[in-house]
Protein chains: 2
Amino acid sequence: MTLQTIADQVGVSRMTVSNAFSKPDQLSATLRERILSAAQELGYVGPDPAARALARGSTGAVGVIFTHSVRFAFTDLVATGFLGAIAEELAPTGLSLTLLTSSDDGDIVPARDVAMDGALVYSCDWKSQAVDFLHRRKLPLVYVDQDVDDDIPSVNIDDRGGAAAAARHVLELGHRRIGLLLSGTHGPYGLLATPEAAEGHSSRQRLLGWLDELGPAGAELISARQDSATPEHARWGARLLLDRPDRPTAVLCFSDAIAYGVLQAAAELGIDVPGQLTVVGFDDNPLASQVRPTLTTVRQDLAAKGRAAAAALTAAIEHARTGAPAPVEHIVLPTELVIRESSGPAAAPPRPGSAR
Amino acid sequence: MTLQTIADQVGVSRMTVSNAFSKPDQLSATLRERILSAAQELGYVGPDPAARALARGSTGAVGVIFTHSVRFAFTDLVATGFLGAIAEELAPTGLSLTLLTSSDDGDIVPARDVAMDGALVYSCDWKSQAVDFLHRRKLPLVYVDQDVDDDIPSVNIDDRGGAAAAARHVLELGHRRIGLLLSGTHGPYGLLATPEAAEGHSSRQRLLGWLDELGPAGAELISARQDSATPEHARWGARLLLDRPDRPTAVLCFSDAIAYGVLQAAAELGIDVPGQLTVVGFDDNPLASQVRPTLTTVRQDLAAKGRAAAAALTAAIEHARTGAPAPVEHIVLPTELVIRESSGPAAAPPRPGSAR
DNA sequence: GAGGCCTTCTTTACCGGTCAAGAGCCGCGT
DNA sequence: ACGCGGCTCTTGACCGGTAAAGAAGGCCTC
């Protein structure tokens, strides 16, 4: 059941049948009608996508790859916000979105073996083998929340500036002993987090942003990393900072998910927020305005990020298709401090041992 | 830069190079090594996915299609739970997940034009043209939350039984005037919802389940449909039921998302839950145990549903590949009533006009 | 020492389309 | 009456692989 089958049936050349489906203006309307109805009758649905992809050199799908487990794409509120915007933005172009797992093991590696027209590299370990495959395939790529590479279009947010604004905010509130809570799923958790040890571009940039302000101010810093994957982990990590006599009076968090863990840990320990503890998140995810107390955070516009990324990717694909030299843009979207209930003026520090 | 390039360079046949990449046991280790290093040197990444898809007849990706906007895949908590489980379950098989939009307009229709090995039909308008394309392509399919078709494997939950349990629960609590709140995004909203008018399999089954119990019990029913897409819509719909003198003392909701809207509307109207109003949801989504009051609901196991769907799909693909006759399974997963804070015994009905 | 089998590589024949250039026909302007 | 451009349709080449059967050599067996 191929084009040829229809062609023989109608008595035209294969090419004409192809045109009937793919380039309606290349043949007379009446013949086209005849061909389509013959196809209908024979149960021919349309040109085989795989064959078409080979001949045309394009597939109609783009990939998105991240180093985390695929599940992350559906559980993390920032990821869902972003990917949802991407998907919506891509829909009218007819492109479908394929979720690539970055499993380097196994004999099948999606980044190498799945046909696609281009890909988004999102929140990825940039030296991961999967990303390397994408490069070597010379696929049109767009980096999102990723260290910028001069040759590759990118969409980022002003992580560093936003983090600095958050730090400035707590300093202005009078806080001087400040906890920093990064995310991290690899390696040992615990105190001490340096820009070098930060996992991923955003972690690093946000930490740098905090330090930009806190360093010169001479604040006392207590940093740690924690996993935001599950609420249990998040709470556990927060304990590292709160369960100590010299606990910070303010905690800056890598994300709202982590900040949420801090809020819960604080509640369990009977620490009042913002009375005794100021908590600042990052992202302004949908939860941030729903939890009690509502979360002071740094907003990023996920919809705008999605739109920008989709636009950059379709542009890159278009340029690759036509062979035009691609102008490489590096977009940085603004962030904005949103002050809500979880931050307040520094109170007298609790006497050692009085916590809990 | 094709297999032939490498073949010429090394001085072997094209087929041997193909085997070096795809069937390592078909040639000597030393020659394979030689081929791979030559490929590396020439910058050849691996067999072209599109060409391989054509020759092999399989692509390494499966689709998932739903009638809603693609965004729905990332915003609805039930959808994200399910899709996350799917993606995770698919990862070890090496299959990637492609999100198909069901846009029938435009010249490119993913359901017809994207290459894939099989597809999940999830929560879809079953007479949608997109689903019809999938059928006609004779792709291995699995129906999820969909009316069963004898010829197509399906995974469903016991919607009707769960709904009946919820209805029984409110009856046992003494409620006799009961509101039914379905979901619906098409057509006019408003009172009156019949099984025929219900949109989609789940809606219909859940409504039937309620009626199974409420009908014989002679309860007074007030039904309506509302959109759960945004919290505003949800609240607005709930008003239809609550903003009336003879308002129900209990409301059964199609989903937790809708129930959440009812809770909010109740709070706005100063109606105490569960004191003056019992609210029962469906799905037991993550929110259900987080909101105050916590939501009495009917639990479905999304992870199990994802696992079952992924397994059914890979099985169907495998059968199609080998040409073996596919045993068509229809899986129905159990549901379970979870009683929390939002349901309580029926109180004396408010005197007409006293509401608000 | 001949036949059989395994390993390793090659040959031949597709997979199902699209691109680009060519050929027949028609109407039109002159 | 003729040349020319524009519509239609056809021709031939190519996209980059894989399946399956065949051929060459080596080892083992009896």
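We name chains A, B, ... by the order of the sequence lines, and we start the count at 1 in each one.
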Roughly how far, to the nearest 0.5 Å, is the CG atom of B/L313 from the OG1 atom of B/T93?
-> 9.0 Å

Summary of protein contacts for nucleotides 9-15 of chain D, nucleotide by nucleotide, where a base hit scores B, a sugar-phosphate-only hit scores S (4.0 Å, heavy atoms) = SBB-B-B

A/M1 CE to C/dC15 C1', in whole Å, measures 16 Å

Report the relative orientation of the aromatic rings in B/F66 and B/Y122; use parallel for angles under 30°, tilted for 30 to 60°, perpendicular for over 60°.
-> perpendicular

May I ask you to decide whether B/R204 forms a salt bridge with B/D147, counting only side-chain N to carboxylate O separations under 4.0 Å?
-> yes

Indicate, with a heavy-atom threshold strictly under 4.0 Å, whether B/Y44 touches base, sugar-phosphate, or nothing.
-> sugar-phosphate

Output the distance between atom CZ (B/R71) and atom CG (B/D76), rounded to the nearest 0.5 Å.
-> 13.0 Å

Mapping A/A29 and B/Q4 to their closest nucleotides on DNA chain D, which lands nearer the 5' end?
-> A/A29

Starting at atom NZ of A/K138, determine the distance to atom P of D/dG16, rounded to an integer number of angstrom.
-> 14 Å

Any Lys/Arg nitrogen of B/D145 or B/K305 sitting under 4.0 Å from an Asp/Glu carboxylate oxygen of the other?
-> yes

Residue B/E329 excluded, over 12 heavy atoms near CD under 6.0 Å | no

Between A/K23 (NZ) and C/dA21 (P), how many Å, whole number?
-> 12 Å

Using atom CG of A/D113 as one end and atom P of D/dG16 as the other, report the distance to the nearest whole Å.
-> 17 Å

Between C/dG16 (P) and A/D48 (CG): distance, integer Å = 7 Å

